[in-house]
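Lettering of chains follows the sequences in order, A, B, ..., and the numbering in each one begins at 1.
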2 protein chains.
Amino acid sequence: MAASTLTEVARLAGVSPATASRVLNGSARKPGPGVSERVRQAAEALGYIPNAQAQALAKSSSGLVGLIVHDIADPYFSAIARGVQDVAREQHKMVLLATTGGTPADEKEAVAAFAARRADAIVIAGSRSSRPEDAQGNAELAAELDRYCRNGGHVGVVGQAIVGAGPLDGYHLVEVPNEELAAELAAKLAASHPGDFVIIGGPEGLITSDDRVRGFQSGLAAAGRPAAEVLRASFNRAGGYDAGLALAERLRTAREAEPVNEGAQPGLCIFAANDVMAIGATAALRAEGFRIPRDALIAGFDDIETLRDFRPGLSTVRLPLEEIGRLATLSTVGSGPGATEGHHDDGPAVTGQVTLRRSTEWTA
Amino acid sequence: MAASTLTEVARLAGVSPATASRVLNGSARKPGPGVSERVRQAAEALGYIPNAQAQALAKSSSGLVGLIVHDIADPYFSAIARGVQDVAREQHKMVLLATTGGTPADEKEAVAAFAARRADAIVIAGSRSSRPEDAQGNAELAAELDRYCRNGGHVGVVGQAIVGAGPLDGYHLVEVPNEELAAELAAKLAASHPGDFVIIGGPEGLITSDDRVRGFQSGLAAAGRPAAEVLRASFNRAGGYDAGLALAERLRTAREAEPVNEGAQPGLCIFAANDVMAIGATAALRAEGFRIPRDALIAGFDDIETLRDFRPGLSTVRLPLEEIGRLATLSTVGSGPGATEGHHDDGPAVTGQVTLRRSTEWTA
DNA sequence: ATGCAGTGGGAACGCGCTTTCCCAACGCTC
DNA sequence: GAGCGTTGGGAAAGCGCGTTCCCACTGCAT
C-alpha cells in the first residue's frame with residue numbers, strides 16, 4: 001500500500017482533485033460546506049498525508065531551512081541549533097542539518113544540497129576561515145551562496161561575513177562582537193592580575209578565534225600590558241589539552257627557576273579562545289599536578305551551558321547562543337521584527353557579558 | 001533568475017531532457033562520450049543544480065532521514081545526532097531534524113511531517129513515556145509509525161520499543177541495556193559503600209529513567225541491600241538541582257541528629273538517572289555547603305563527553321552515544337552490516353561500561 | 001423572458017525530473 | 001543485399017500537487 005494521493009481522496013469523495021486540493025490546504029477559494037466535509041472525511045478514511053515534495057514542486061516553496069554547523073555534538077553549535085530549531089518550529093518549517101567540520105568545500109557542498117532541496121533559507125553557524133589554503137574554497141562557497149541568493153534564497157550567517165560574499169539581497173548577518181568582548185574580558189582580568197598572560201588560540205585563520213585573540217590583545221594593550229604570547233591549537237577540547245600540557249611544562253621550569261614562594265599570586269593567566277579549550281587546558285594542567293586558580297588563572301569564551309557547573313567556575317564571556325540561532329533564523333525566514341530588509345544588513349545586535357568566576361579569582 | 005532546469009541544460013547542449021538526465025545522474029544507460037561532454041559543459045555553464053524535490057517526486061526516494069530528539073541542545077541527544085549525521089553523510093543522505101520535548105503528540109506530528117516529506121528513514125531517539133496520560137499520544141504515534149512503515153518507511157528506535165507499535169517490517173530497535181548496566185553500577189557501588197543509597201529518577205513513566213531505577217534497585221537487592229528511596233524530578237539539570245536541594249536538607253538534619261564524626265565515610269550514595277541530573281544535584285549540594293565525595297557520593301549515567309572533565313570525576317556508565325546513533329541509522333538506511341532484515345529486529349548489541357571515578361571514591 | 005454578475009466545480013496545464021517505450025541508424029551474418 | 005540484433009537518442013507518460021482557466025448554473029435586475 002503506497003501512501004494515498006490527493007486524487008484517491010478526490011475519487012473517494014466523488015469530487016475532482018482540484019476541489020480536494022482546495023479544501024485540504026486552505027486555498028483562497030472555499031468550496032461549499034457539504035463538499036468540504038465529504039473530502040475531509042475521505043482524507044481521514046484514507047489516512048491521507050499530502051506529499052510535501054509534490055507541494056513544494058508545485059508551489060516552489062519547500063518549508064525547509066538548512067542549518068550548517070561544524071559539529072552538532074559541540075555544545076556551542078547545539079545551543080545555536082536549538083535556537084534555529086525553535087524558530088523553524090514556530091514558522092512551521094523543518095530544519096535540514098549539515099555538519100561540515102568547518103571545511104569550506106564541504107560547506108559549499110552543503111549549500112548546494114540545500115539549494116537542490118530548494119530550502120527557503122540557510123543558516124550558517126561556525127567560524128569562517130581566512131587561511132590562504134581555504135581561499136579557493138571560500139570563493140566557491142561565496143559563489144554558491146551568491147547563486148542561492150540570486151535565486152531568491154535567504155541566508156543568515158552567524159558571526160562574521162563570508163569572505164568574498166558580496167552585498168546581496170537576502171544575505172543577513174548576525175554579528176557577534178567577539179573582539180570587543182574579548183577586549184573587555186582582558187581589561188577586567190588585567191585589573192586583578194598583575195602577572196603574565198598567555199593566549200590559547202585556535203588555528204590561525206579561524207576568524208572567530210582570531211577576533212577573540214586580537215580583541216584580548218588590544219584589551220591588554222589598553223591596560224598598558226605587553227602583548228600576550230599566543231599558542232595555537234585545534235579549536236576544541238583536545239587542542240586545549242595539548243596547549244595545557246605545553247603550559248604545564250612552562251610552569252614547571254618557571255617554578256624551578258624561581259623557587260616556590262607559597263601563597264604568592266599565580267604568575268600566569270591563560271585565556272583560551274573558547275570554553276571547551278579552556279576546559280581541556282585545565283584538565284591538562286591538573287593532570288600535570290597544577291591547580292586552578294592557585295597555580296594559574298584561566299578564562300574561556302562562550303559560557304557553554306553544560307560547563308557552568310564546572311569547578312572552579314570558569315571565567316568566560318557569556319554569549320546568548322540560543323538567541324543567536326533564533327535571530328539568524330528569524331532574519332532569513334521571519335516576516336516580523338528581526339526580518340530586516342535590504343542589502344547585507346547587520347541584523348539585530350547581539351551582545352555578550354563578561355562573567356568572572358573562581359577560575360580567575362586569586363585568593364590568598 | 002530562477003535556478004536553471006534540466007530542460008534548459010538539454011536545450012543548450014542540443015539534446016533531449018532525457019539524455020541530459022541520463023548523463024547528469026549516472027543512470028544505467030550511458031550516452032556517448034561526445035554527448036556527455038556537451039551536456040556536462042552546458043550544465044557547468046548554467047550552474048545547473050538538480051531540483052531534489054522533483055527528483056524525489058519522480059523516483060519516490062527523497063534521500064532524507066528524519067531524526068527525532070527531545071532537545072538538540074542536550075548533550076545526550078547531540079551526541080546521538082552526531083552519529084546519525086555521520087552515517088547519513090556516508091550514505092549521501094540529509095538529516096531532517098525535529099525536537100519534541102518528548103511529547104508523544106509532537107512526536108506523532110514529527111513523524112507525519114517526515115512521512116509527508118517522504119523521508120527514507122526515521123530515527124527516534126529519546127525515551128518513550130509509559131505514563132497513562134500519554135497512552136493516547138503513544139497509540140497515535142504508534143499508528144502513525146505503522147502507517148509510515150507500511151508505506152515502505154524504515155524506522156530506527158533508540159532505547160526501547162514504541163509502546164504499542166506492532167512487529168513490522170522496517171521497524172528496527174537499538175536496544176540499550178539500561179537496566180543491566182544500572183544493576184552493574186549498583187553492584188560495584190554497593191561493594192565499596194556500606195551506607196544508604198538514594199536514587200534521583202526522572203518523572204515516573206519515562207522508560208529510560210524507570211529502567212535505570214529498576215536496574216539499580218535490583219543491583220542493590222542482589223548485593224543484599226535494602227531498596228533505595230527514589231526521588232522524582234525532571235530529567236535534566238534543573239531536576240537534579242531540585243533533588244539535590246532536598247537531599248542537602250536531609251543531610252543537614254542527619255548531621256544534627258548524629259553529631260559530626262569527622263573523617264567518617266559518608267553515609268549517603270546518590271544515583272542520578274543521568275549525568276546532567278547528577279551534575280545538577282552536585283551543584284545544589286555544593287551550594288548548600290556540602291562536598292563530594294566527602295559528604296556524599298554521587299553517580300550518574302551516560303558519560304556525557306563534555307562532563308568528563310568535571311571535578312571530582314563523575315562515576316557513571318559510559319554509553320557509546322555516537323555509536324548508538326550510527327547503529328540506529330544504519331539499521332534503517334544502510335544496506336551493509338547492521339541492516340538486519342526481518343521483523344522487529346533487535347539490532348546490533350550496544351553495551352556500556354561502568355566507569356567509577358572520584359565522585360564515589362571515599363578516601364579518608 | 002433576456003441579460004448580467006456571481007458562484008461552485010471541473011478540465012487541463014505546469015512544476016522538474018525519471019523512465020519506459022519506441023524509432024532510426026548501424027554492423028553483422030547468411 | 002535482405003534480415004537480424006544492437007546501440008544511441010528522442011518522445012511521452014507519469015510522479016502528486018497547485019492553479020489558472022473555463023463552464024454550468026444560480027439569483028438578480030432590466
For the pair R82(B) and E323(B), find out whether any cationic side-chain nitrogen is under 4.0 Å from an anionic carboxylate oxygen. no
Let me spell it out: for each of S16(B) and L57(A), pick the nucleotide of DNA chain D with the closest heavy atom. Which residue's pick is nearer the 5' end? S16(B)
Y48(B) atom OH is separated from dG16(C) atom C1', nearest whole Å, by 7 Å
For dC15(D), take OP1 and OP2 only and decide whether either is under 4.0 Å from a side-chain N or O of S60(B). no
Under 3.5 Å: donor-acceptor pair, side chain of T332(A), backbone of G156(A): no
Do R22(B) and dG10(D) have a side chain to base donor-acceptor pair shorter than 3.5 Å? yes
Would you say the side chains of D106(B) and T100(B) form a donor-acceptor pair under 3.5 Å? no
What nucleic acid atoms does P50(B) come within less than 4.0 Å of, heavy atoms only: base, sugar-phosphate, or nothing? sugar-phosphate
Whether N51(A) contacts dC15(D) is assessed here as follows: a side-chain N or O lying under 4.0 Å from the phosphate OP1 or OP2. Is that the case? no
Return the 5'-most residue of the pair V15(B), I49(A) with respect to DNA chain D, ranking by each residue's nearest nucleotide. V15(B)
Please give, in whole Å, the distance from dG10(D) P to R38(B) CZ? 9 Å
Using atom CZ of R11(B) as one end and atom P of dG16(C) as the other, report the distance to the nearest whole Å. 12 Å
Take the protein atom CD of E37(A) and the nucleotide atom P of dG9(C), then report the distance between them rounded to whole Å. 14 Å
Starting at CD of Q53(A) and ending at C1' of dC17(D), how long is that distance when rounded to a whole Å? 12 Å
From NZ of K59(B) over to C1' of dA13(D), roughly how many Å is that when rounded to an integer? 19 Å
T19(B), nearest nucleotide to its side chain (from dG9(D), dG10(C), dG16(D)): dG9(D)
Taking the side chain of A18(A) as heavy atoms from C-beta outward, which of dA12(C), dT18(C), dG9(D) is closest to it? dA12(C)
When the distance from CD of E8(B) to C1' of dC17(C) is rounded to whole Å, what number comes out? 13 Å
Would you say S21(B) reaches dC17(C)'s phosphate, i.e. side-chain N/O to OP1/OP2 under 4.0 Å? no
Can you see if the side chain of Q55(A) gets near the phosphate of dC17(D) - specifically, an N or O under 4.0 Å from OP1 or OP2? no
Shortest non-hydrogen contact from H70(A) to T99(A)? O-CB, 3.8 Å
Separation of L6(B) atom CG from dA11(D) atom P, in whole Å? 14 Å
Count the heavy atoms belonging to other residues, nucleotides or ligands that lie under 6.0 Å from CD of Q136(B), then report whether that count exceeds 12. no
